[in-house]
Amino acid sequence: MKIAIILGTRPEIIKMSPLIRELEKKNLDYFILHTGQHYDYEMDKEFFEDLELPEPRYNLNVGKNEYRKQIGLMVRLISKILVKEKTDIAFVQGDTNSVLAGALAANKVRIKIGHHEAGLRSHDLTMMEETNRIITDHISNYLFAPTADAFKNLKEEGIKESRIFLTGNTIVDAVYENLELSKKKINILKKLNLEKNKYILATAHRAENVDIEKRLKGILDGLGLVSRYFKMPVIYPMHPRTANNIKKFGLKIPAEIRVTEPLGYLEFLQLEANSKLIITDSGGLQEEACILKIPCVTVRDNTERPETIAAGINILAGTDAQKILQSAKSMAESEKIWINPFGDGRAAEKIFKIADGLLKKERQWGNRLKSKYIKIRGSILKRLRR
Ligand code: UD1
Ligand code: UDP
């Protein structure tokens, strides 16, 4: 079985890493295809180093193009590579433009698609990620749903149950695998002069927030209010999209916010695990907050991870500064029962077992059909010769 791992952005590298480790362990025939959507060292290569991943066999380097051109180039180049490599199955993960392009490319050249993190829905079609998810799910052959909610969404959209598998999310595998490693290798609190439980960690980078001046200003002001109320610094490793937009809009960052470059996974995970509170619009951070048992405030109007809200670990605050402060108070000061809805840390193992079994079954079917065809062809030829 020849497997393609298609990825392009920071969260895909992190969430694919347990699958890649599984393939290495089993010594399977695979290759990594990087679209180059993320390309700065801190958004890309640092994760390959931190997670000790092999270099991608291909990097399309299309990240600096405008996104429509990016998607077009990705589809064309990925489909060529998949054919050239005689790929049996292409794996994609999540909802980025790289995921959409990877799935479309495989679909056009009739190569099987496995989608990890299938079935998430924000029900907000103005988000590019939501359309990416829906299209990818509907053209995938095997859908790996991380939670029961995601499984249900897919069933309700009419996708055949025999194609959907409840596996958990590989983010749990990644957190378990790397937190211990991080403790052995680094000490980010010392490096940034911080104390456990005495700082707040923030990230925001989603287009629907940081591309809109009013919303970005609301988030920055809200972080300032939270910092003053708790008398704690806010540490903000900043995505380049956000940094660019702060400059473009001429916004002032409140003095209490300590902005850093985006951090590597080992440093970031340690920073999350020791924080008092997480304030974010990131999908991955909402999940990691549940896994690490850190209360979370999500600065969005909706989430495709409603399990985190139902579990009482996360709250939606939008981007109004006062609402962010109120939400932070209610999350940091209330008692919680911790539930991690994203699985037991063995999602990668489950995904490969399922994919391997299904492909073997299909091959057997194919062989049976082939031998039947040969038999029928033989008897027809015999009759014709008589
Ligand atoms: C993308 C995903 C988003 C995901 C995020 C993970 C889509 C539609 N969005 O958003 O769902 O949460 O990745 O971080 O796919 N940039 C750099 N250097 C980089 C990467 C980006 O400078 O290494 C800047 C560029 O100006 C670029 C902008 O950030 O134009 C946006 O990057 P892009 O990859 O289009 O989207 P993200 O905001 O990263
Ligand atoms: N992350 C990181 N360094 C940072 C910010 C985030 O390693 O400076 C990790 C974080 O732990 C999570 C993932 O990146 O696993 C989330 O990526 P991001 O927020 O960019 O994307 P999203 O999850 O929203 O798609």
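Please read all numbers here as calculations on a predicted model, not as lab measurements.
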Donor-acceptor side-chain pairing of His123 and Glu130 below 3.5 angstrom = no
Practice prompt. List the steps, then state whether side-chain hydrogen bond (donor to acceptor under 3.5 Å, both in side chains) holds for Ser282 with Thr203.
Written response: CA-CA 7 Å; Ser282 158; Thr203 76; 4.9 Å; no
Hey, mind stepping through Gln70 and Asn65 against side-chain hydrogen bond (donor to acceptor under 3.5 Å, both in side chains) and telling me if it holds? CA-CA 5 Å; Gln70 214 178 91; Asn65 292 293; over 6 Å; no
Would you call Lys350 and Asp344 a salt bridge, using N to O less than 4.0 angstrom?
yes
- Item | Residues Arg21, Glu24: salt bridge by 4.0 Å N-O rule | no
Please determine whether a side-chain nitrogen of the Lys or Arg among Lys45 and Asp50 lies less than 4.0 Å from a carboxylate oxygen of the Asp or Glu.
no
message: Taking atom NZ as the centre, does Lys353 end up with more than 12 heavy-atom neighbours from other residues, nucleotides or ligands that are less than 6.0 angstrom away?
response: no
- Query: Glu85 and Arg57: salt bridge (Lys or Arg N to Asp or Glu O under 4.0 Å), yes or no, with the steps?
  - Reply: CA-CA 11 Å; Glu85 289 278 356; Arg57 188 173 298 169; 3.1 Å; yes
- Should the pair Glu66-Arg68 be classified as a salt bridge under the 4.0 Å nitrogen-to-oxygen rule? yes
Worksheet entry | CA sep, side-chain torsions, deciding dist, call: Tyr58, Lys80, side-chain hydrogen bond (donor to acceptor under 3.5 Å, both in side chains) | CA-CA 12 Å; Tyr58 301 93; Lys80 274 191 188 164; over 6 Å; no
task = May I ask you to say whether Lys25 pairs ionically with Glu349, meaning some side-chain N is under 4.0 Å from a carboxylate O?
result = no
Between Lys26 and Glu22, is there a salt bridge with N-O shorter than 4.0 Å?
yes
Q: Begin with the C-alpha distance, continue with both residues' side-chain angles, and end with the deciding distance and a verdict on side-chain hydrogen bond (donor to acceptor under 3.5 Å, both in side chains) for Asp44 and His34.
A: CA-CA 10 Å; Asp44 172 24; His34 195 321; 2.9 Å; yes
State whether Glu157 and Arg121 are salt-bridged, where the test is any N-O pair (Lys NZ or Arg NE/NH1/NH2 against Asp/Glu carboxylate O) under 4.0 Å.
-> yes
- Task: Look at Glu267 together with Lys183 and state whether they make a salt bridge at an N to O cut-off of under 4.0 Å.
- Result: no
Requested in this report: Please check if any side-chain donor atom of Glu208 sits under 3.5 Å from a side-chain acceptor atom of Thr126, or the reverse.
Outcome: no
Check your understanding: Can a salt bridge be assigned to the pair Arg206 and Glu129 using a cut-off of 4.0 Å between side-chain N and carboxylate O?
Key -> yes
Hey, are Asp137 and Arg133 close enough for a salt bridge, meaning a charged N less than 4.0 Å from a carboxylate O?
no
Exercise for review: Taking only Lys NZ, Arg NE, NH1 and NH2, and the carboxylate oxygens of Asp or Glu, determine whether Arg215 and Asp320 approach each other closer than 4.0 Å.
Suggested key: no
Tell me whether the rings of Tyr265 and Phe47 are parallel (<30°), tilted (30 to 60°) or perpendicular (>60°).
tilted
Check your understanding: Quick one: does Asn97's side chain get under 4.5 Å of Gln37's, heavy atoms only?
Key -> yes
Greater than 12 external heavy atoms within 6.0 Å of Lys108's NZ | no
Distance under 6.0 Å and angle within 45° of the ring axis: does Lys276 meet both against Tyr199? no
Please confirm whether His239 and His38 have ring centers closer than 6.0 angstrom. yes
TODO: Flag the pair Phe48 / Pro56 as yes when at least one side-chain heavy-atom distance between them is below 4.5 Å, and no otherwise.
DONE: yes
If you count the non-hydrogen atoms of other residues, nucleotides and ligands that lie under 6.0 Å from CZ in Arg76, is the total more than 12?
no
- Task: Apply side-chain contact (heavy atoms from CB on, under 4.5 Å) to Asn169 and Glu117, showing your working.
- Result: CA-CA 7 Å; Asn169 194 316; Glu117 214 177 71; 2.9 Å; yes
Notebook entry, point to check: Do we see a donor-acceptor contact under 3.5 Å between the side chains of Asp95 and Asn132?
Noted result: no
Between the CG atom in Leu216 and the CG atom in Leu220, the distance rounded to the nearest 0.5 Å is 4.5 Å
